[in-house]
There are 2 protein chains.
Amino acid sequence: MRSIPKPSLARLPLYYRCLMEALRQNITYLSSSELGERCGVPAVQVRKDLSYLSQKGRSGVGYNVADLVAHLEAYLGLANEKDAALVGVGSLGRALALYPGFGSYGLQIVTLFDNDPLKVGSEVGGRTVFSVDRLTNLVRRLGIRIGIITTPAAVAQAVAEEMVAGDIKAIWNFAPVLLDVPDDIFVKQEDLAASLAVLSHHIRQLKVVSEHDEIEVTASNACG
Amino acid sequence: MRSIPKPSLARLPLYYRCLMEALRQNITYLSSSELGERCGVPAVQVRKDLSYLSQKGRSGVGYNVADLVAHLEAYLGLANEKDAALVGVGSLGRALALYPGFGSYGLQIVTLFDNDPLKVGSEVGGRTVFSVDRLTNLVRRLGIRIGIITTPAAVAQAVAEEMVAGDIKAIWNFAPVLLDVPDDIFVKQEDLAASLAVLSHHIRQLKVVSEHDEIEVTASNACG
DNA sequence: CTTGGTTCGTGATTTTTTTCACGAACAGGA
DNA sequence: TCCTGTTCGTGAAAAAAATCACGAACCAAG
């Protein structure tokens, strides 16, 4: 039995969200085609992806929504309470700290850090901002395994190293730099600038096409 | 000549950033292996990706940093000034509106919208917040082609429709819903919850492994 | 000008992911 | 019970992407 492909894993949260929506609508069974419709994913791919879970659907009926939700929660570890430390209380850090949606994924941002003396000691969403000097110790003492980096790029590497020293095992990095960390540390890179560049490229394509003005319009379908 | 694969396109911004960094360090030439090192990408892949651009490297030397930067800027359309409208001035919307980094990618968030009467008329980063009622007209009048959605999921679809009515061609969607828009509208979905779920899954794997306690530790290498 | 060391560019190969095609399971009604 | 229409699960085929392997370009130095 092979392990789940990365793209499939990335689609599971999508299914989870649509299933939760269906649950709110009191829908008890959903076929792969209906679920696919809701997520914009082909039905076959839905089935293939879900086949990596132990939970099975029922032929002729579909998937039991509540059961599948429960299995996805277990598989994705959403039910486990996970404490996280966030470093860098700028506008993005503050936004993440205040965002209420993470709770339903089991994530609690329990401590905030910054190196700006003006911010240290202030409160954000009821949590005190600590100095980064205390990062390693505090994280270790609290047994925190997840770190979120929302600092400028220049200091992200140093922060990551302190996180590793504090025994953090997974880092969600919003700073636009490649972090150099030991192999056993999982880094999830969040790159808004990269997304933006892809968007920008597409807009440029539009311009190029419109300048060529209906002359060379072949089957050059852009990326979806 | 085939068009660039999506994963390659997504890596170009990465190269761009590393090249800018090199430029600051007064490096004039960079080989594919050096560039790859800096971005965490194999050298061959760097070469393959860059081969989709018209700009060529020099055998035995590498790529001219300044030239390549210029070509990437052109290819990605970063030099073109792009105006964008942002809808949903919550904590995330505010963070994006205040983020200074987009400027270097040619993006200017020129107008802000919200449906909360308390927010309408207030200022964020020197820009007045307008009522969403005026979205379609204002966007059309200003010729804005990019929309950014940072509203709650429930209203995202309605906002997207108004954007389309206002002749917006590309949408950067931070709301966790699948937008139903015409085929010619480009949607770049930004899904923090999905990233979080992947992170969560990895943390869970850690737990499972440590519970099995060195017994069944096979070659089950987790995703990078 | 020749030699040796470096690097690019790319066709061929391998790996990964998606899509297809179809047998088997199931529900519901006659 | 039998028949029909639906859906799942999955091996096989196709498509896409990453990796390999190597010829050719290039520089520097003797």
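All values reported here derive from a predicted model rather than from experimental measurement. A, B, ... follow the sequence lines: proteins, then strands. Residue 1 opens every chain.
By the salt bridge (Lys or Arg N to Asp or Glu O under 4.0 Å) test, A/R204 pairs with no residue at all, sequence neighbours left out. Residues passing the side-chain hydrogen bond (donor to acceptor under 3.5 Å, both in side chains) test with B/S33 are B/S31, sequence neighbours excluded. Every side-chain hydrogen bond (donor to acceptor under 3.5 Å, both in side chains) that A/S200 has, sequence neighbours left out, goes to B/K82.
Between A/W172 and A/F174, the ring-plane angle classifies as tilted under the 30° and 60° cut-offs. Aromatic ring orientation, B/F186 versus A/H202: parallel (interplanar angle below 30°, classes split at 30° and 60°).
Sorted by first then second residue, the salt bridge (charged side-chain N to carboxylate O under 4.0 Å, His left out) pairs that include residues 35-61 of chain A, not counting sequence neighbours, are A/R11-A/D49.
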Table of protein N/O atoms under 3.5 Å from nucleotides 2-4 of chain D N/O atoms:
none

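The pair B/R145-B/D83 does not meet the salt-bridge criterion, since no charged nitrogen lies less than 4.0 angstrom from a carboxylate oxygen.
Considering only the side chain of A/P5, C/dT17 comes nearest among C/dT17, D/dA17, C/dT18.
The backbone N or O of A/A165 sits nowhere less than 3.5 Å from a side-chain atom of A/T136 that would complete a donor-acceptor pair.
One can place CG of B/D49 at 14 Å from C1' of D/dA16, the figure rounded to the nearest angstrom. B/L9 places its CG atom 16 Å from the P atom of D/dA16, with the value rounded to the nearest Å. Rounded to an integer number of Å, the gap from OH of B/Y29 to C1' of D/dA25 is 14 Å. The separation between B/N64 atom CG and D/dC26 atom P is 15 Å, rounded to whole Å.
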Notebook entry, point to check: For every nucleotide of nucleotides 5-15 of chain C, 5' to 3': is a protein heavy atom under 4.0 Å from its base (B), only from its sugar-phosphate (S), or from neither (-)?
Noted result: -BBBBBBB---
